[in-house]
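Letters A, B, ... mirror the listed sequences (proteins, then strands); counts begin at 1. Small disclaimer: the values here were computed from a predicted structure and weren't measured.
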Amino acid sequence: MSHLLTDEPGSRILLMGNEAIARGALEAGVNVAAGYPGTPSSEIIETLSKVARDRGLYVEWSANEKVAMEVAAAASFAGLRSLCVMKQNGVNVGSDFLLHLGLTGTRGGMVLVPCDDPGALSSINEGESRQFARLLELPLLEPGDFQELKDMIVWAFQLSEEIRNLVFVRSVTRLSHASGNVVLGPLPGETRKARFKHRGFILDEMEGVVASMPMEYRHRRQQEKLKQAVERFESSPFNTYTGPEHPELVVITSSACHLYSREAIHLLGVEDRVGLLKLGTTFPLPPVFMEKHLGLTDRFLVVEEVIPFLEENVKILAQELAPRIGPKTIMGKRDGRLPTVGELNPDLVVEALASLVEVPYESAPEAYVKRGQELMFFGAPNRELTFCPGCPHRASFWSIHNALELDGRDGFVCGDIGCYTLAVLPTGFSTLKTLHAMGSGTGVASGFGKLGRFGMDQPVVSVCGDSTFFHAAMPALINAIHHGSDITMVVLDNSGTAMTGFQPHPGLDVDALGHKAPAISIEDVCRSLGAQVRVCDPFDLETTQATLLELLDRAGVKVLILRQICGLSPEKKRHKKYEVAVNPEVCLGEACGCNRLCTRIFRCPGLIWDKRAGKARVDEVICTGCGVCASICPEGAIEKVENREVTG
Amino acid sequence: MKEMKLSFDPYNLIIAGVGGQGNVLASRVVGNMLSRKGFTVTIGETFGGSQRGGSVMSHLRVSSESSFSPQIPKGRAHLVLGLEPAETIRVLAAYGNPDVLALCNLRPIHPVQVISGELDYPDLEDAKGWVKELSRKAWFLNATDTALEMGLPILGNIIMIGAMAALGELPLEREDFERAVSLTMPTDRISINLEAFDRGREMVEAA
């Protein structure tokens with residue numbers, strides 16, 4: 001049984017932040033959960049899918065975030081409790097639906113959990129979901145530790161049912177992907193029955209029509225609900241002040257920054273001088289609570305990630321309250337004390353705070369820090385991100401890159417979101433030349449492919465993964481076909497949402513619950529739309545390159561599906577198809593005209609350049625036995641022998 | 001449990017390695033061992049590039065009182081468990097101090113830019129000297145070689161956990177490990193993991 005189903009209220013267990021969120025949803029009696037995979041959010045839906053059978057839940061990985069929101073909303077309309085989960089930019093994808101959902105309101109409790117990624121630890125942006133709460137006029141909660149990740153989800157469901165609208169609970173990488181001790185609450189026994197009531201008076205929020213019109217009426221109702229939320233925020237247990245009665249300075253903070261701020265105050269030893277105002281309900285701010293605490297002192301430092309959202313909201317409120325509390329100095333990001341780019345950490349908060357309280361601080365003795373920097377330079381060479389050993393993408397981009405070079409017309413590739421995003425780096429031979437949102441590669445390519453009339457004669461290629469194909473690339477492909485754009489779309493099909501942990505998608509014959517599901521064939525979809533479709537195994541470099549060269553020469557929309565399962569998939573992991581070794585008798589090393597093609601250009605982590613021997617070598621611990629490098633050595637020095645015992 | 005005293009509160013441990021080495025699993029095993037003893041454990045992990053050749057760090061904070069920032073402040077590590085030599089140096093340089101202890105697996109994993117010839121990987125003897133220079137005391141193990149002898153390279157990190165337990169810096173007992181692996185690993189893997197734990201302990205005691 002999963003530790004997440006421990007039914008011992010009061011017991012204390014170590015949970016990953018995302019598990020704490022999932023447990024909160026279970027304690028709240030969630031019925032339906034939907035999401036789209038994205039770091040750092042993916043473990044929430046994964047965890048819930050594992051306990052779905054035990055708890056009688058419906059859990060799905062939706063085709064994209066907007067559909068996930070719609071699926072979750074349907075459950076709410078039918079009176080159930082639903083959770084919707086995504087990474088930060090997923091909220092952008094579904095925001096059009098949210099705009100209308102805010103107006104129609106919800107019935108059963110519905111909570112949206114966006115997991116932001118300050119510092120873009122596993123993203124290519126650090127966009128903030130908090131702004132959406134203000135933009136869409138919906139209440140926003142921000143848990144400040146592991147216990148709150150669980151408890152605030154329970155509270156959010158209650159709030160959602162009180163105000164009959166969606167509630168945001170925002171997490172961040174440093175909470176979602178961290179672990180801490182959590183005291184469990186009870187798991188509810190009862191389940192709800194789903195029924196969508198639609199025969200009541202048209203404006204009846206529980207039994208009428210769920211529609212955003214009449215706009216003015218609905219918009220006013222939405223704002224009333226938001227005011228109702230603020231009233232609840234005034235007495236929320238998640239807004240706390242700790243510190244002296246008459247502090248010199250108060251740090252106002254939320255989310256993971258709460259833990260950094262608490263530590264910074266402790267490191268400087270200024271607990272008796274500096275107060276800590278931790279806010280869990282960050283939009284809209286509760287004015288009575290804030291008035292009381294803004295009255296504590298005249299100087300405040302707002303510590304938050306990433307852009308000054310809380311700081312601006314505090315400033316607006318302080319301005320409104322000024323006639324009663326007097327003028328306040330509110331510092332933070334707008335005055336440059338804290339950075340407006342990247343994530344924070346205890347050191348950055350210490351630095352900002354130390355100058356304000358005039359307490360000296362050093363992390364370690366100066367001489368040690370200096371020597372450490374020197375030794376890091378000599379002893380810790382940078383680790384550029386790379387495709388995993390045995391990754392099909394390395395082989396795919398080898399072929400795409402070589403085909404474009406051989407074609408000789410200065411063709412280029414529009415990139416997309418997935419592991420293959422790394423092909424913007426040397427690990428993918430720097431093949432990608434544009435990179436934006438999910439599905440944007442093919443959308444941008446669709447535009448480039450219409451520029452022939454302006455003299456553009458370069459071949460246009462786009463890439464996208466199998467999960468991305470269903471998420472957002474399909475409309476772009478349809479657009480390209482309908483408008484007669486000249487593009488070659490390469491679908492890098494590794495049979496799963498590999499980057500985030502191999503979650504299923506509509507192209508697979510299994511769903512999030514492990515049930516058999518109809519697989520939607522990418523080639524059938526593309527053919528039925530009218531594209532010229534070919535399928536290759538990217539590990540067959542020769543056929544793949546020849547096929548690509550042929551497609552690049554044709555007009556119209558061509559789709560090449562490069563299908564080879566991800567090296568980390570459960571089917572492949574720790575099963576070597578080939579034993580690969582470099583024959584030192586054949587490898588010519590530096591004397592070969594190849595200029596170390598295998599290690600300098602192909603640069604799979606499974607290959608080593610043995611400096612002393614002046615030859616290439618295979619690292620038996622790292623090599624996964626894909627055998628592709630055997631095809632690139634001009635001397636045939638890399639030898640592969642098929643492992644007989646491996647099946648499938 | 002309150003009788004168990006930590007030498008520092010919070011005790012700050014960093015497990016450093018490269019994606020694919022099992023860093024995250026190692027931090028969970030250690031975290032679970034300590035949490036079950038009643039300590040408050042906070043684990044912060046940086047694993048965005050975990051399967052893609054990047055550096056991976058797990059910050060563990062062990063306290064009798066409360067949870068802490070999932071990022072340890074610079075210069076404040078008490079013990080660095082390095083699954084790879086260059087990563088041990090990288091982490092010591094940022095989070096070390098003259099009193100830090102280091103336990104280092106000697107098997108290098110070459111960064112892709114070393115494989116390509118753009119950067120150099122340090123000579124292993126130099127690396128050992130630098131780890132010593134940046135720590136109060138350092139222990140070096142060939143954990144991956146031993147794991148290879150045992151037939152499963154991923155056991156290297158369990159050997160390292162066994163070695164760390166033998167240092168006596170944190171209250172990590174063999175029975176805690178046994179309980180932790182029996183909960184997190186498939187039944188057929190338990191005995192080999194226990195063997196790896198013991199090998200690590202022996203390697204440090206022999207060092």
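Taking Ser116(B), Ala86(B), Gly75(B) one by one and counting their heavy-atom pairs under 4.5 Å with chain A, the maximum is reached by Ser116(B). Contact count against chain A (heavy-atom pairs under 4.5 Å) is highest for Glu84(B) among His59(B), Glu84(B), Arg36(B). Ranked by heavy-atom pairs under 4.5 Å with chain A, the list Gly44(B), Gly31(B), Ala93(B) is led by Ala93(B). Note: Val41(B) leads Val131(B), Ile89(B), Val41(B) in heavy-atom pairs under 4.5 Å with chain A. With respect to chain A, the highest number of heavy-atom pairs below 4.5 Å among Asp120(B), Asp99(B), Val114(B) belongs to Asp120(B). Among Leu119(B), Thr42(B), Val112(B), Val91(B), the residue making the largest number of heavy-atom pairs under 4.5 Å with chain A is Val112(B).
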Can you check side chain to side chain contact (heavy atoms under 4.5 Å, CB included) on Glu45(B) and Met16(A), steps first, answer last? CA-CA 10 Å; Glu45(B) 333 223 45; Met16(A) 184 195 197; over 6 Å; no
Could you go through Gln147(A) and Ser67(B), starting from their C-alpha distance and side-chain angles, then the distance that decides it, and tell me whether this counts as side chain to side chain contact (heavy atoms under 4.5 Å, CB included)? CA-CA 10 Å; Gln147(A) 186 69 42; Ser67(B) 47; over 6 Å; no
So Glu263(A) and Arg61(B), salt bridge (Lys or Arg N to Asp or Glu O under 4.0 Å) or not? Walk me through it. CA-CA 12 Å; Glu263(A) 183 129 13; Arg61(B) 323 216 43 196; 2.7 Å; yes
So Lys74(B) and Val369(A), side chain to side chain contact (heavy atoms under 4.5 Å, CB included) or not? Walk me through it. CA-CA 10 Å; Lys74(B) 300 271 156 53; Val369(A) 174; over 6 Å; no
Side chain to side chain contact (heavy atoms under 4.5 Å, CB included) between Tyr121(B) and Ile608(A), worked out: CA-CA 11 Å; Tyr121(B) 195 89; Ile608(A) 293 176; over 6 Å; no
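Residue Ile622(A) touches chain B through its side chain alone, counting heavy-atom pairs closer than 4.5 Å. With a 4.5 Å cut-off on non-hydrogen atoms, Tyr361(A) touches chain B through its side chain but not through its backbone. Neither the backbone nor the side chain of Ile601(A) comes within less than 4.5 Å of any heavy atom in chain B. For Glu362(A), the part lying under 4.5 angstrom from a heavy atom of chain B is the backbone only. For Arg603(A), the parts lying near chain B are the backbone and the side chain together; criterion is any non-hydrogen pair under 4.5 Å. Contact of Arg596(A) with chain B is made through the side chain alone, with heavy-atom distances under 4.5 Å. Contact of Cys257(A) with chain B is not made at all, since no heavy-atom distance falls under 4.5 Å. Contacts between Leu60(B) and chain A at a heavy-atom distance below 4.5 Å are absent for every atom of the residue. Within the 4.5 angstrom heavy-atom criterion, only side-chain atoms of Phe146(A), from C-beta onward, approach chain B.
Annotation for Glu590(A): atom CD counts as buried by contact number, over 12 foreign heavy atoms lying within 6.0 Å. Taking a 6.0 Å sphere around CZ of Arg371(A), one finds it holds more than 12 heavy atoms contributed by other residues, nucleotides or ligands. Annotation: Glu351(A), atom CD; neighbour count of heavy atoms from other residues, nucleotides and ligands within 6.0 Å does not exceed 12.
Summarising the geometry of Val621(A) relative to Pro153(B), their closest heavy-atom pair is CG1-CB, 3.7 Å, with the distance given to 0.1 Å.
Judged by distance alone, with hydrogens and angles left aside, the side-chain atoms of Asp347(A) form no donor-acceptor pair with the main-chain N or O of Pro73(B) at under 3.5 Å. At distances below 3.5 Å, at least one donor-acceptor pair connects side-chain atoms of Arg90(B) with backbone N or O atoms of Pro381(A). With Gln71(B) contributing its side chain and Leu344(A) its backbone, the two residues share a donor-acceptor pair below 3.5 Å.
Exactly one of Asn32(B), Leu34(B), Thr40(B) qualifies for a side-chain contact (heavy atoms from CB on, under 4.5 Å) with Leu14(A). That residue is Asn32(B).
Side-chain contact between Pro426(A) and Glu118(B): absent, with no pair of heavy atoms (C-beta onward) separated by less than 4.5 Å.
With salt bridges taken as basic N to acidic carboxylate O contacts below 4.0 Å, one links Asp619(A) and Arg107(B).
In this pair, Trp130(B) and Phe378(A) present their aromatic rings tilted. The plane angle is within the 30 to 60° band.
The distance from atom CG of Asn181(A) to atom CD1 of Ile43(B), rounded to the nearest 0.5 Å, is 9.0 Å. Ile115(B) contributes atom CD1, which lies 11.0 Å from atom CD of Glu384(A) (distance to the nearest 0.5 angstrom).
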